[in-house]
Amino acid sequence: MAHISIIQTTLGSPDDAEKITSALLDERLAACVQTSGPIISSYRWQGNIDNSREWRLTIKTTEANCPAVVSWLEAHHPYQTPEIIWQSLGCTDAYAAWCHDSVRQEQGE
């Protein structure tokens with residue numbers, strides 16, 4: 001069985017979600033990014049309990065590419081302390097091959 005990495009993060013606006021999605025795909029860091037939302041996130045921040053409308057990104061990439069995506073998100077995410085969580089999941093060989101081909105840089109690029 002093949003594996004891919006799924007990375008999840010949240011953004012405060014649909015515009016931010018679209019910008020991050022476009023950049024990840026343009027830079028071939030992700031094979032697919034799904035946007036869900038708005039969702040309501042409830043959390044403790046700076047001693048208070050807050051509720052925010054957010055948009056969740058589910059980012060699909062190869063296991064080998066996962067550290068690069070995490071580093072990119074840490075550098076470009078608009079939040080001070082963004083949610084960046086990931087896991088490795090089993091998938092079909094065909095889906096893993098598509099994911100690998102989608103993030104691989106073409107020769108000469």
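Numbering starts at 1 and runs along the sequence shown.
Among residues two or more places apart in sequence or in another chain, the ring pair (Phe, Tyr, Trp, His ring centres under 6.0 Å) test is passed with W86 by none. Under the rule for a ring pair (Phe, Tyr, Trp, His ring centres under 6.0 Å), H3 has no partner lying at least two apart in sequence or in another chain.
Residues W72 and I20 meet the side-chain proximity criterion, which asks for heavy atoms closer than 4.5 Å. Using a 4.5 Å heavy-atom threshold, the side chains of I39 and W55 count as separate. Between L11 and P78 the shortest side-chain heavy-atom distance falls below 4.5 Å. Residues I59 and T21 form no side-chain contact, since every pair of their non-hydrogen atoms from C-beta on lies 4.5 Å or further apart. Within the 4.5 Å cutoff, the side chain of I84 has heavy atoms near those of the I7 side chain.
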Go through S41 and E54 one step at a time and tell me if the side chain to side chain donor-acceptor pair (under 3.5 Å) criterion holds.
-> CA-CA 7 Å; S41 294; E54 293 185 301; 2.4 Å; yes
Could you tabulate the donor-acceptor pairs under 3.5 Å formed by side-chain atoms of residues 61-71, not counting sequence neighbours?
{"unit_1": "T61", "atom_1": "OG1", "unit_2": "L29", "atom_2": "O", "d": "2.8"}
{"unit_1": "T61", "atom_1": "OG1", "unit_2": "N65", "atom_2": "ND2", "d": "3.1"}
{"unit_1": "T62", "atom_1": "OG1", "unit_2": "N65", "atom_2": "N", "d": "3.1"}
{"unit_1": "E63", "atom_1": "OE2", "unit_2": "S88", "atom_2": "OG", "d": "2.4"}
{"unit_1": "N65", "atom_1": "ND2", "unit_2": "L29", "atom_2": "O", "d": "2.7"}
{"unit_1": "S71", "atom_1": "OG", "unit_2": "P67", "atom_2": "O", "d": "3.1"}

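Other residues sharing a hydrophobic cluster with I40 under the 4.5 Å side-chain heavy-atom criterion for ILVMFWY residues do not exist; the residue is a singleton. Cluster note: W45 groups with Y43 through ILVMFWY side-chain heavy atoms spaced under 4.5 Å, whether in direct contact or through intervening members. As a member of the Ile/Leu/Val/Met/Phe/Trp/Tyr network built from side-chain separations under 4.5 Å, Y95 groups with I4, I6, L89, W98.
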